Amino acid sequence: MYESKEEYTIICQPHYIYYIQHQNVTIIPEESEDMWHAYNLVAEGDSLRASTIRKVTTESSTGSVGSNRVRTTLTVRVENVDFDTQACVLRVKGRNIQENQYVKMGAYHTIDLELNRKFTLVKAHWDSVALDRLDMACDPTQHADLAAIIMQEGLANVCLVTASMTLVKAKIDVNIPRKRKGQCSQHEKGLNKFFESVMQALLRHVNFEKILQDPVVQNKLSDTKAAGEVKVLECFYTILQTEPDRAFYGIKHVEKACKAQAIETLLISDNLFRCQDVAQRKCYVNLVDSVKESGGDVKLFSSLHISGEQLEQLTGVAAILRFPMPELEEEGISSGEED
């Protein structure tokens, strides 16, 4: 467990990182990817300070009661975190823990964290996984988007694929008349309308100065984080079929392999680090740290990518080993029965 003695002020831009003293981290999310990183950082028990809107009831000297909405800055002890991927809003619910003229101590409030609005996060301990998440948020190589259009006749989805998530930016649904013998004009008009709608959505949602134009991006497309996750997961499945003594999933199997320093590649879902059980989260953090210390590679899978969803079907944690360990299977540990 890493115990921080410093305060980090992180501005989630590719080229700006500021450090000042204390235990706080101030973040300014500028794009959807930053909000996903924030979702993976804010946890139950943390303290969060941000600007918010509060409905305040007032009573005049005549006894009349009225209400109005005021903007104020609150500090809450986090009890619940919810992420709306489409609206790109992080909703944090907790009790007020600092004096405020509008909100009583201990009163519940929900703060909506939005793009380009800073917030300050305080943790009792900044472990290695949280610090790695901060580094990832400030790494310019993680901010390249890949656009994709998934379509069939009359139906299309325009998506942006980032390092951690896939966002559906537009859905086009156009009714295309069927072809009739000797009459294709209505069908062709429907197709033209459909393709025009797809093109307009593409122009509206895709930044062509950032997508595919950079030679560095072109060279790295085959090595994006999402593509890397798919490759590693495919490799795991292949080894599971051909050399089952070198591929295991489930925390009990993986922890035993880690103690033997046998893990070559650890596959782990970021969803596991959002658990509310502090001891359980510490278990996963220690696993990641131990694998790294023994020279293994750690692949953190995003639960918003299909590869992350597939990994979660295998309990969210799996490992490719350096050498076979048939004794793990012989011990009778059933990965399928694990939580």
Side-chain angles (χ1 to χ4, degrees), residues 1-4 8 10 12 23 25 27 29 32-48 77-85 90-94 113 119 121-139 142 162-165 225-226 228-229 232-233 236 249-255 257-258 263 265-293 296-319 338-339:
M1 181 71 72
Y2 181 92
E3 186 170 345
S4 175
Y8 299 82
I10 308 295
C12 291
Q23 280 187 321
V25 177
I27 302 173
S32 57
E33 191 82 0
D34 297 334
M35 294 302 294
W36 175 248
H37 292 312
Y39 176 48
N40 283 277
L41 283 171
V42 181
E44 181 183 4
D46 294 348
S47 298
L48 185 138
R77 183 78 67 192
V78 178
E79 293 189 9
N80 182 265
V81 184
D82 180 60
F83 183 42
D84 186 337
T85 57
L90 193 63
R91 294 186 174 90
V92 180
K93 181 181 179 181
L113 303 179
F119 64 91
L121 182 66
V122 181
K123 288 181 179 289
H125 302 284
W126 286 89
D127 58 44
S128 61
V129 172
L131 293 175
D132 285 346
R133 177 64 65 172
L134 288 177
D135 291 338
M136 189 186 305
C138 298
D139 184 356
Q142 300 289 337
T162 70
S164 300
M165 58 199 302
K225 182 176 183 293
E229 292 175 2
V232 171
L233 193 59
F236 173 81
Y249 62 90
I251 189 62
K252 293 182 179 179
H253 275 131
V254 173
E255 279 187 328
C258 181
I263 297 180
T265 305
L266 175 68
L267 296 71
I268 190 164
S269 170
D270 58 14
N271 194 42
L272 297 179
F273 298 101
R274 293 194 294 272
C275 64
Q276 298 181 358
D277 189 326
V278 176
Q280 189 175 4
R281 176 190 164 88
K282 184 177 180 181
C283 167
Y284 295 128
V285 171
N286 290 340
L287 176 63
V288 168
D289 290 342
S290 297
V291 171
K292 289 181 178 179
E293 289 173 2
D297 187 20
V298 176
K299 298 295 185 184
L300 185 63
F301 281 61
S302 171
S303 57
L304 286 189
H305 278 318
I306 187 65
S307 56
E309 294 177 0
Q310 292 175 351
L311 181 61
E312 287 186 4
Q313 294 177 6
L314 300 176
T315 75
V317 60
E338 294 180 356
D339 292 333

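Since the structure is predicted, the reported quantities are computational estimates derived from the model, not experimental observations.
Taking the side chain as every heavy atom from C-beta outward, Val254 and Val291 never approach each other to under 4.5 Å. Ser303 has its side chain within reach of Arg274: a pair of non-hydrogen atoms, C-beta onward, lies under 4.5 Å apart. Contact check for Asn80 versus Val92: no side-chain heavy atoms found under the 4.5 Å cut-off. Between Ile251 and Thr315, the closest side-chain pair of non-hydrogen atoms is not below 4.5 Å. At least one side-chain heavy atom of Leu266 sits under 4.5 Å from a side-chain heavy atom of Ile263. You'll find the side chain of Leu121 reaches within 4.5 Å of the side chain of Val42, heavy atoms only. Looking at Leu90 and Phe119, their side chains never come closer than 4.5 Å, going by heavy atoms from C-beta outward. Taking 4.5 Å as the limit, some side-chain heavy atom of Leu267 sits within range of a side-chain heavy atom of Phe301.
Using a cutoff of 4.0 Å between basic side-chain nitrogens and carboxylate oxygens, Lys292 and Asp132 are scored as salt-bridged.
Without hydrogens or angle criteria, Lys123 side chain to Leu41 main chain gives a donor-acceptor distance under 3.5 Å. Remark: side-chain polar atoms of Asn286 are not paired, donor with acceptor, to backbone N or O of Cys283 under 3.5 angstrom. Judged purely by atom type and a 3.5 angstrom limit, Asn271 has no side-chain atom pairing as donor or acceptor with the backbone of Glu312.
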Quiz item: Please walk me through it: do Arg133 and Asp127 pass salt bridge (charged side-chain N to carboxylate O under 4.0 Å, His left out)?
Solution: CA-CA 10 Å; Arg133 177 64 65 172; Asp127 58 44; over 6 Å; no
Exercise. Could you walk me through whether Asp46 and Val122 pass the side chain to side chain contact (heavy atoms under 4.5 Å, CB included) test, one step at a time?
Key: CA-CA 6 Å; Asp46 294 348; Val122 181; over 6 Å; no
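Partners of Tyr39 under the ring pair (Phe, Tyr, Trp, His ring centres under 6.0 Å) rule, at least two apart in sequence or in another chain, are Trp36, Phe83. By the side chain to side chain donor-acceptor pair (under 3.5 Å) test, Thr265 is found to be paired with no residue, residues two or more places apart in sequence or in another chain being considered. Every residue two or more places apart in sequence or in another chain was checked for a salt bridge (Lys or Arg N to Asp or Glu O under 4.0 Å) with Asp82, and none qualifies. Applying the side-chain contact (heavy atoms from CB on, under 4.5 Å) rule to Glu309 yields the partners Ile306; only residues at least two apart in sequence or on another chain are considered. Leu314 meets the side-chain contact (heavy atoms from CB on, under 4.5 Å) test with Phe236, Tyr237, Tyr249; sequence neighbours excluded. When the side chain to side chain donor-acceptor pair (under 3.5 Å) test is applied to Glu44, no partner is found at least two apart in sequence or on another chain.
From Asp270, atom CG reaches atom NE2 of His37 across 10.0 Å, with rounding to the nearest 0.5 Å. Rounding to the nearest 0.5 Å gives a distance of 5.0 Å between CG of Leu287 and SG of Cys258. Residue Ser269 holds its OG atom at 9.0 Å from CD of Glu229, rounded to the nearest 0.5 Å.
Contact detail for Met35 and Leu113: the closest heavy-atom pair is CE-O, 3.0 Å. Considering every non-hydrogen atom in both Phe273 and Leu300, the closest pair reads CE1-CD1, 3.7 Å.
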